[in-house]
Amino acid sequence: MEVYLFYIVATITVVSGVYLIFEKNPVFGALYLIQTMVSIAVLYILLEAQFVAAVQIIVYAGAIMVLFLFVIMLLNLDIKEEAKNALPFQRIPAILMGIALFTVIGIVIKSKLMQGKHDQYTTAYVNSMGNTKLIGNLLFTEYLLPFEITSILLFVAAIGAIMLAKRKL
Amino acid sequence: MITITHYLILSAILFTLGVVGVLIRRNAIIIFMCIELMLNAVNLSFVAFAHYLNSMQGQLFVFFTMTVAAAEAAVGLAIIVAVFRNKETVNIDDINIMKW
């Protein structure tokens, strides 16, 4: 069951990713990206990361993609605009280099170079406590400093966005 | 049986799609969406590693990555809107004043 679910969801993810990079209309591209993100959220649930899956849907598929769609609607882009491509010969080499990059990453994955230290958080242990509660505990004890720095980052980003949106730069 | 290799290969495919999208597209917003796709691919491998190593750190890193992605999307889209207001285009071939 889990195997079939993985293959179905993985196929949907890859297909909508391919549609994203070849889609002419940016609105449809954004919708394909939303589909990709929702599929990745399903994969997170398969990996027993329920909190991350919920955050993926709320933050990525919700907030960030709504921001993208909002900007696309705001700019009212001409679909034909991309037809005047200054580097038409870049397309084929880019795809070939993509295949080469995938081969390199694949070799690294296959060559068992990546080995990590096993930790104590087995599935049974996480389920006895709850995924969200465990993340919250770690976030407010061991990872408190990165968490606080994150708040400063969001603050700076908000100020930056407001400054860039000013009429006279 | 689904192993970590399956997830890492899927993550590699998604990352490659993002790279190819950045290289072949000329619309700044689509390029930006491809960058988000790459971030998602890396997040997926983080969670896969966290699951198969019985660790929690991967999920915490994904949390921080999402925060950075949200900040990046806000600032990046503000830059795109500012560029569009000045040049009336988001085609990156026309936005080359910093090239030379």
Side-chain angles (χ1 to χ4, degrees), chain A residues 2-3 6 10 13-14 17-18 20-21 26 29-30 33 36-37 40 43-44 47-49 52 55 59-60 63-64 67-68 71-72 74-75 77 81-82 85-86 90-91 94-95 98 101-102 105-106 109 116 118-122 134-135 138-139 143 146 150 153-154 157 160-161 164-165 169, chain B residues 1-2 5-10 12-21 23-27 29-30 32-34 36-37 40 43-44 47-51 53-60 62-64 66-75 77-82 84 89-91 93:
Chain A
E2 203 189 320
V3 178
F6 173 81
T13 315
V14 172
V18 171
L20 164 67
I21 65 173
L33 187 55
T36 313
M37 284 164 173
I40 290 176
L43 292 174
Y44 288 162
L47 287 167
E48 317 214 0
V52 175
V55 172
V59 174
Y60 259 123
I64 293 181
L67 198 61
F68 269 98
V71 170
I72 292 169
L74 192 71
L75 299 188
L77 299 172
E81 194 180 13
E82 208 163 343
N85 193 338
Q90 192 177 325
R91 207 176 176 90
I95 293 170
L101 175 70
F102 175 70
I105 300 174
I109 290 169
H118 280 259
D119 213 339
Q120 53 169 329
Y121 301 102
T122 57
L134 206 50
I135 287 181
L138 283 170
L139 210 54
Y143 293 87
T150 301
L153 173 76
L154 285 175
L164 284 166
L169 218 50
Chain B
M1 184 61 197
I2 301 294
T5 313
H6 289 78
Y7 282 101
L8 292 181
I9 293 287
L10 176 62
I13 292 172
L14 289 177
F15 190 86
T16 311
L17 282 176
V19 172
V20 172
L23 290 175
I24 67 173
R25 295 308 297 263
R26 285 287 164 273
N27 187 331
I29 293 178
I30 302 237
F32 214 55
M33 289 199 276
C34 290
E36 296 290 333
L37 185 64
N40 265 285
N43 280 353
L44 181 62
V47 175
F49 273 120
H51 179 68
L53 291 176
N54 298 329
S55 170
M56 219 66 206
Q57 288 166 3
Q59 297 185 24
L60 285 161
V62 168
F63 181 81
F64 291 124
M66 280 178 182
T67 325
V68 174
E72 176 233 345
V75 175
L77 287 172
I79 289 173
I80 289 175
V81 171
F84 184 81
T89 180
V90 290
N91 190 323
D93 286 333

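In what follows, chains are A, B, ... by sequence order, proteins preceding strands, each numbered from 1.
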Which bit of [X] comes within less than 4.5 Å of chain B, counting heavy atoms only: side chain, backbone, both or neither?
X	answer
A:L33	side chain
A:F102	both
A:T122	both
A:L134	side chain
A:I105	side chain
A:A10	both

Inter-residue atom distance [X].[atom1] - [Y].[atom2], 0.5 Å rounding:
X	Y	atom1	atom2	answer
B:E72	B:M66	CD	CE	13.5 Å
B:I24	B:C34	CD1	SG	8.0 Å
A:I135	A:Y143	CD1	OH	11.0 Å
A:Q90	B:R25	CD	CZ	12.5 Å

Using a 4.5 angstrom heavy-atom cutoff, name the option from [options] with the most pairs to chain B.
options	answer
A:L74, A:V59, A:L43	A:L43
A:I95, A:I72, A:L47, A:L154	A:L47
A:I21, A:V3, A:V55, A:T150	A:I21
A:T13, A:V18, A:L139	A:L139

I'd like to verify something: which residue of [options] has the highest number of heavy-atom pairs under 4.5 Å with chain A?
options	result
B:I13, B:I80, B:V75	B:I13
B:I2, B:N43, B:V20, B:V68	B:I2
B:L23, B:T16, B:L53	B:L53
B:A74, B:G21, B:S55	B:S55
B:I9, B:L37, B:L77, B:I79	B:L77
B:L60, B:V19, B:T5	B:L60

Can you list everything that forms a ring-ring contact (aromatic ring centres under 6.0 Å, His included) with B:Y7? Sequence neighbours excluded, please. A:F6
Under 3.5 Å, side chain of B:R26 to main-chain N/O of B:D93, donor-acceptor pair present? no
Looking at side-chain heavy atoms only, is the closest gap between B:L14 and A:I40 below 4.5 Å? yes
Is any side-chain heavy atom of A:L138 less than 4.5 Å from a side-chain heavy atom of B:Q59? no
B:V62 and its side-chain contact (heavy atoms from CB on, under 4.5 Å) partner, picked from B:N40, B:V47, B:L44, B:T67: B:V47
Heavy-atom distances under 4.5 Å only: say whether B:A69 touches chain A with side chain, backbone, both or neither. both
Go through the structure and list residues passing side-chain hydrogen bond (donor to acceptor under 3.5 Å, both in side chains) with B:E36, not counting sequence neighbours. none
Of the non-hydrogen atoms in A:P26 and B:I30, which two are nearest, and what is the gap between them? CA-CD1, 3.9 Å
